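Since the structure is predicted, the reported quantities are computational estimates derived from the model, not experimental observations.
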Amino acid sequence: MEKLIEIYDFITSKQIFITIFLVIVLLVVWFLAKMIFRRIAKRLLFLFTELSDEETIEDIAKKSASIVAVTLVLYINQLLPSFSAEMNIIFETVARAFIIINIASLLNNALDIFNIRHAKRAWHRNNSIKGYIEIAKIVVWIISFILIIALFTEQSPLIIISSFGAIAAVLMFVFQHTLISFVANILISNGKVLKLYDWIELPSSNISGEVIDIALHTITVRNWDNTISRIPTKDFLTEKYTNWQPMFSSGGRRIKRSFYIDQSSISFATQELVLELKNTAPLRKSIETMLEGKEEEIGDINTWLETKGVTNLQLFRNYMLNWIKMRGDVRPDMYLVIRTMPPTPMGLPVELYCFTRATTWVEYEETQSEIFEYINASAKYFKLDIYQQPSGNDVAKLKLR
């Protein structure tokens with residue numbers, strides 16, 4: 001025992017030995033405390049939280065263990081022979097700054113977890129708060145920065161904050177993009193003009209796809225060719241873009257497409273044409289439905305056709321309108337129009353304007369294709385020609401007289 005006391009007295013009589021002894025002891029305490037509490041923290045997190053991401057749990061446990069270990073080191077340092085006055089101040093200041101940084105990092109982890117849980121809730125699935133979370137993270141780091149400066153300068157945090165007024169203009173210049181993005185994020189989120197999983201289109205940037213992330217500075221879009229595009233948030237206040245999501249919500253997707261009729265094939269309808277249409281198997285049911293209940297109004301069909309000035313194109317438009325209503329996959333409660341447009345060198349445009357019940361891309365395209373395939377197949381029965389530019393085959397059939 002006397003020997004140990006002599007060794008202890010010898011160590012404490014030399015400052016360099018005290019320093020080495022303290023460093024070794026504190027490092028051992030820090031290592032053991034961190035290793036032990038890290039395991040305890042992981043078990044507690046598994047038991048009392050619903051976290052499933054092992055990487056997040058490991059990160060939180062590591063930071064929590066670091067805070068406990070450094071706090072324990074500071075306490076042990078007060079019990080043992082201390083460093084020199086100057087070294088002790090530096091050691092305690094650095095240790096406290098380390099604790100502040102880890103606490104700030106833990107708060108940011110908590111914000112990330114809150115954001116993940118918010119996104120998983122069904123009623124919040126389309127409302128991203130990631131922009132607000134990133135602003136909160138910036139605020140946490142600013143407060144931490146102020147506390148660390150106050151710690152090193154031994155000034156009150158309030159004095160540090162008041163001195164920021166002098167450099168506010170510089171800070172605004174440095175963080176101008178962050179401030180603009182923050183304002184844009186608030187306007188986008190509060191205005192409900194853009195949500196997660198919306199289909200958006202930016203013609204100026206050739207971007208068309210689904211919003212998969214709304215952050216402070218950027219909005220990430222997965223394009224339909226599976227490429228990823230990131231657009232600055234502020235661009236959504238200055239650039240023109242289209243949000244297709246309200247179309248899905250409305251339950252109707254618009255078809256607005258024209259086909260071209262050769263104007264020379266348009267003529268007045270005759271009784272022979274009507275009878276021929278009635279006797280054509282693919283058209284019979286629709287023609288009878290179209291004329292059903294009009295027998296008294298029509299009377300003598302020749303007189304009616306002559307009085308009304310009915311053309312084969314008019315019959316075709318009414319027939320197509322009736323056939324589309326019978327399909328069931330086009331919404332009759334929304335606009336349904338087949339109209340002629342101003343003539344062009346390509347012929348007379350006839351535009352179909354309607355809304356399909358299907359809003360998904362594949363079903364919508366299938367419905368649109370079926371309608372226009374039927375239009376092209378039916379036109380010839382009404383003595384109408386669908387115009388197309390002469391091709392090589394058409395030129396080959398020309399014969400010199």
Are the side chain of R357 and the backbone of G328 linked by a donor-acceptor contact shorter than 3.5 Å? yes
Point-to-point distance, once rounded to the nearest 0.5 Å, from CD of E366 to CD1 of I371: 11.0 Å
Among all residues two or more places apart in sequence or in another chain, which pass the side chain to side chain donor-acceptor pair (under 3.5 Å) test with S105? K63
Tell me every residue that passes side chain to side chain donor-acceptor pair (under 3.5 Å) with D333, counting only those two or more places apart in sequence or in another chain. R331
Can you confirm if the aromatic rings of Y260 and Y387 lie within a centre distance of less than 6.0 Å? no
Of all the heavy-atom pairs spanning P349 and P342, show the shortest one and how long it is. CD-O, 3.2 Å
Between I338 and I324, does a side-chain contact (heavy atoms from CB on, under 4.5 Å) hold up when you go through it step by step? CA-CA 10 Å; I338 300 178; I324 288 172; 4.1 Å; yes
Applying side chain to side chain donor-acceptor pair (under 3.5 Å), can you list everything that pairs with N223, at least two apart in sequence or on another chain? T227, S229
Residue that, paired with E201, satisfies side-chain hydrogen bond (donor to acceptor under 3.5 Å, both in side chains) out of W224, W244, Y241: W244
Inspect the contact between K383 and E276 and indicate whether a charged nitrogen and a carboxylate oxygen are less than 4.0 angstrom apart. yes
Could you give the distance from CZ (F316) to OG (S378), rounded to the nearest 0.5 Å? 5.5 Å
Atom CD1 of I266 and atom CG of L384: how far apart are they, to the nearest 0.5 Å? 6.5 Å
Heavy-atom closest pair (N312 atom, S265 atom, distance to 0.1 Å) is ND2-O, 3.1 Å
Provide the full list of ring pair (Phe, Tyr, Trp, His ring centres under 6.0 Å) pairs with a residue in residues 350-371, sequence neighbours left out, each pair given once. Y353-F355
Could you check whether any side-chain heavy atom of E373 comes within less than 4.5 Å of a side-chain heavy atom of N376, counting everything from C-beta outward? no
Tell me, with the steps shown, if Q368 and I255 meet side-chain contact (heavy atoms from CB on, under 4.5 Å). CA-CA 7 Å; Q368 183 173 235; I255 295 176; 3.5 Å; yes
When you compare the side chain of Q263 with that of P343, does any pair of heavy atoms fall below 4.5 Å? yes
Got a second to check how far L147's CG is from I101's CD1, nearest 0.5 Å? 11.0 Å
Who passes salt bridge (charged side-chain N to carboxylate O under 4.0 Å, His left out) against K256, sequence neighbours left out? E351
Are the side chains of I231 and L202 in touch, meaning some heavy atoms are under 4.5 Å apart? yes
Can you give me the closest heavy-atom contact between W199 and S208, atom names plus distance? NE1-OG, 3.2 Å
With sequence neighbours excluded, tell me which residues meet side chain to side chain donor-acceptor pair (under 3.5 Å) with E210. none
Tell me whether R327 is salt-bridged to E370, with the criterion being a basic N under 4.0 Å from an acidic carboxylate O. yes
Minimum-distance pair of heavy atoms, taken over all atoms of L313 and T340: CD2-CG2, 3.9 Å
Under 30°, 30 to 60°, or over 60°: which ring-plane class applies to W323 and Y374, parallel, tilted or perpendicular? parallel
Below 4.5 Å, heavy atoms only, C-beta onward: do V337 and L352 meet side chain to side chain? no
Is any side-chain heavy atom of R253 less than 4.5 Å from a side-chain heavy atom of T356? yes
Say you draw a straight line from CE of M247 to CZ of R254; how long is it, rounded to the nearest 0.5 Å? 10.5 Å
Distance (rounded to the nearest 0.5 Å) between F382 CZ and M320 CE: 8.5 Å
Check against side-chain contact (heavy atoms from CB on, under 4.5 Å), D213 and I219: CA-CA 6 Å; D213 187 50; I219 289 175; over 6 Å; no
Where do F259 and I261 come nearest, in terms of heavy atoms and distance? CE1-CD1, 3.8 Å
Quick check: closest heavy atoms across L336 and K325, and the distance to 0.1 Å? CD2-CG, 3.5 Å
Donor-acceptor contact below 3.5 Å, side chain D262 vs main chain S264: yes
Show your working on side-chain contact (heavy atoms from CB on, under 4.5 Å) between I103 and I99 and close with a plain yes or no. CA-CA 6 Å; I103 291 173; I99 291 172; 3.7 Å; yes
